[in-house]
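Quick notes on the structure that follows.
No hydrogens, no waters, no symmetry mates; every other heavy atom, side chains included, goes into these values. Numbered from 1 within each chain, the chains take letters A, B, ... in sequence-line order. As the structure is a computational prediction, the values presented were derived from the model and not from experiment.
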There are 2 protein chains.
Amino acid sequence: MDGTKVLIVDDEAQIRRFLRIALEAHGFQVVEAIRGQDAVARAASENPDIVILDLGLPDMDGKAVVGRIREWSSVPILVLSVRQAEAEKVAALDAGADDYVVKPFGIAELLARLRALARKRRPDAGPAEPAELTVGELHIDLARREVRVAGRAVRLTRKEFDLLAMLARNAGRIVTHPQLLRQVWGRAHENDVHYLRVFIGQIREKLDDDPAHPRFILNEPGVGYRLLLP
Amino acid sequence: MDGTKVLIVDDEAQIRRFLRIALEAHGFQVVEAIRGQDAVARAASENPDIVILDLGLPDMDGKAVVGRIREWSSVPILVLSVRQAEAEKVAALDAGADDYVVKPFGIAELLARLRALARKRRPDAGPAEPAELTVGELHIDLARREVRVAGRAVRLTRKEFDLLAMLARNAGRIVTHPQLLRQVWGRAHENDVHYLRVFIGQIREKLDDDPAHPRFILNEPGVGYRLLLP
DNA sequence: GCCGATCCTTACGCGATCCTTACGGCCGCG
DNA sequence: CGCGGCCGTAAGGATCGCGTAAGGATCGGC
């Protein structure tokens with residue numbers, strides 16, 4: 001957990017030390033607080049990613065600490081306690097804690113629970129891909145497999161579309177015969193150039209008004225094809 | 001927790017029943033799944049706010065179920081298990097679970113932990129996932145698993161609904177065969193395209209009046225299906 | 001343990017799509 | 001002028017993918 005900052009709140013120096021060593025060994029960054037007042041202040045000034053809070057503090061009730069932090073922060077709080085009564089757990093969790101671990105605890109489990117809490121913090125990157133290509137009058141919607149030329153919808157078959165999409169992704173550049181063949185037909189057919197002649201012809205027939213002068217797909221003799229930029 | 005939807009995954013009917021009663025008494029909304037594959041499909045089609053997952057399922061390893069859901073969703077997952085070994089807890093948490101509760105458990109603690117998980121979910125960048133979808137004359141209630149076409153109620157089976165829900169969630173866009181198969185049937189069947197043919201056919205028979213001209217689900221030969229936007 | 005609902009499997013007809021082959025035009029070169 | 005490489009067009013047959021139907025297996029509830 002490279003650089004995840006953890007605030008440890010416990011009044012026993014021994015436990016703080018134990019936790020610090022274990023956490024730092026696993027790549028966490030550690031800051032400490034001893035009393036409840038201090039904990040609230042540190043949570044504000046240090047801006048930690050996680051708080052580990054012992055419930056048995058001398059100056060404040062642990063649940064009160066949780067409540068104070070929750071007044072302004074949603075930082076994940078993992079509560080430690082020697083008390084295993086169910087009512088205690090419920091009270092702490094309902095006060096705003098995110099997890100409750102009974103002492104004594106296994107350090108491996110604690111670390112796993114910290115990782116689980118840290119995981120949530122990341123803003124999930126959406127699977128947003130462009131899914132649309134526009135080259136002059138030619139508009140290709142990859143998500144819907146639709147093609148429009150100057151607004152008019154054009155119906156392409158599967159291979160025709162795959163071929164045109166490959167050209168559109170490299171618009172302006174030459175795409176060689178083997179590149180096209182590998183992408184659309186697979187490596188086994190990378191020498192069957194005649195496939196391309198037939199299908200390029202069919203695409204042109206559907207896109208162009210004047211088949212004699214193709215506006216979009218140009219031929220590079222002996223090399224490949226390219227989609228003309230506007 | 002007014003209306004928080006919980007997906008319960010457990011193979012024992014007794015436990016499902018126990019959890020359902022307890023959760024509904026506290027204002028949760030409950031849906032159930034019995035096997036792992038079903039669980040993954042439900043997580044997709046029902047869009048629950050929390051998942052409660054028993055690790056001892058008959059058909060899949062529990063950690064595998066967690067992984068499958070985590071491929072695309074960040075829904076909070078609370079794992080139940082009879083195994084209290086620390087290594088088990090670590091494995092489940094690192095697989096992507098958010099909490100781990102050992103059976104037998106106190107229902108009050110479980111409820112408190114669910115509230116803690118539900119709390120986190122609120123400010124999340126949820127893209128306002130609606131509980132209802134309307135596409136032209138087609139109306140899908142994801143919460144009640146009800147479908148209406150032009151006001152007329154249509155009864156769909158589980159798999160039929162899961163399939164339609166997956167399409168509706170991506171309405172207008174093409175969903176490929178492997179995507180549909182993975183979500184509804186599981187990765188092991190991502191090549192069984194004939195499943196789709198059968199079930200798409202059955203859905204169309206129930207939605208459309210004229211089976212020859214499907215109004216809603218369109219086919220992209222060799223690629224997938226899509227739900228037509230009005 | 002039984003029963004109804006649901007799911008899986010298989011087979012078959014049909015249409016769209018793809019592959020194959022053939023032919024004619026254009027060009028540069030001998 | 002003949003020839004061969006490269007390209008584009010056309011058309012028929014082979015193949016693929018889709019939809020439908022039906023019987024058997026399996027599941028979940030009682």
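When side chains are defined from C-beta on, B:L207 counts as touching B:V154, because their heavy atoms get closer than 4.5 Å. B:H189 has its side chain within reach of B:Y195: a pair of non-hydrogen atoms, C-beta onward, lies under 4.5 Å apart.
Between A:E160 and B:R158, the residue whose closest nucleotide on DNA chain C is further toward the 5' end is B:R158. Remark on DNA chain D: of its neighbouring residues B:R16 and B:H177, the 5'-side contact belongs to B:H177, judged by nearest-heavy-atom nucleotide. Residues B:H194 and A:T157 both approach DNA chain C. Their nearest nucleotides, taken by heavy-atom distance, put B:H194 toward the 5′ side. Residue whose closest nucleotide on DNA chain D sits further toward the 5' end, between B:R197 and B:R35: B:R197.
Neither OP1 nor OP2 of D:dC7 sits under 4.0 Å from any side-chain N or O of A:R204. When the side-chain nitrogen and oxygen atoms of A:H189 are compared with OP1 and OP2 of C:dC18, none of them lie within a distance under 4.0 Å. Side-chain nitrogen and oxygen atoms of A:Y225 include none within less than 4.0 Å of the OP1 or OP2 phosphate oxygen of D:dC7. Between B:W185 and C:dC8, a side-chain N or O to OP1/OP2 separation shorter than 4.0 Å is present.
With rounding to the nearest 0.5 angstrom, the CG atom of B:D38 is 10.5 Å from the CG atom of B:L57.
For A:R187, the CZ atom counts as loosely surrounded, since its 6.0 Å shell holds 12 or fewer non-hydrogen atoms of other residues, nucleotides or ligands.
Across all their heavy atoms, A:A95 and A:V66 have their closest contact at O-CG1, 3.4 Å.
Heavy atoms of A:D192 sit nowhere under 4.0 angstrom from any nucleic acid atom. Nucleic acid contact class of B:R17 (heavy atoms, under 4.0 Å, all strands): none. As judged by a 4.0 angstrom heavy-atom cut-off over every strand, B:I200 is placed among residues making no nucleic acid contact.
A straight line from CD of A:E205 to C1' of C:dT17 spans 15 Å, rounded to a whole angstrom. Here the P atom of nucleotide C:dC8 and the CG atom of B:N191 are 15 Å apart, to the nearest Å. As rounded to whole Å, 19 Å separates atom C1' of D:dG8 from atom CZ of A:F216. For the pair B:K159 NZ and D:dG28 C1', the interatomic distance rounds to 13 Å; values are reported in whole Å. One can place CG of A:N219 at 18 Å from P of D:dG5, the figure rounded to the nearest angstrom. B:I217 has its CD1 atom 14 Å from the P atom of D:dC18, to the nearest Å. Rounded to whole angstrom, the span from the CG atom of B:L181 across to the C1' atom of C:dC7 amounts to 14 Å. As a whole-Å value, the separation of A:L196 CG from D:dT9 C1' is 16 Å.
Taking the side chain of B:V198 as heavy atoms from C-beta on, and the options C:dT9, C:dA5, C:dC18, the nearest nucleotide is C:dT9.
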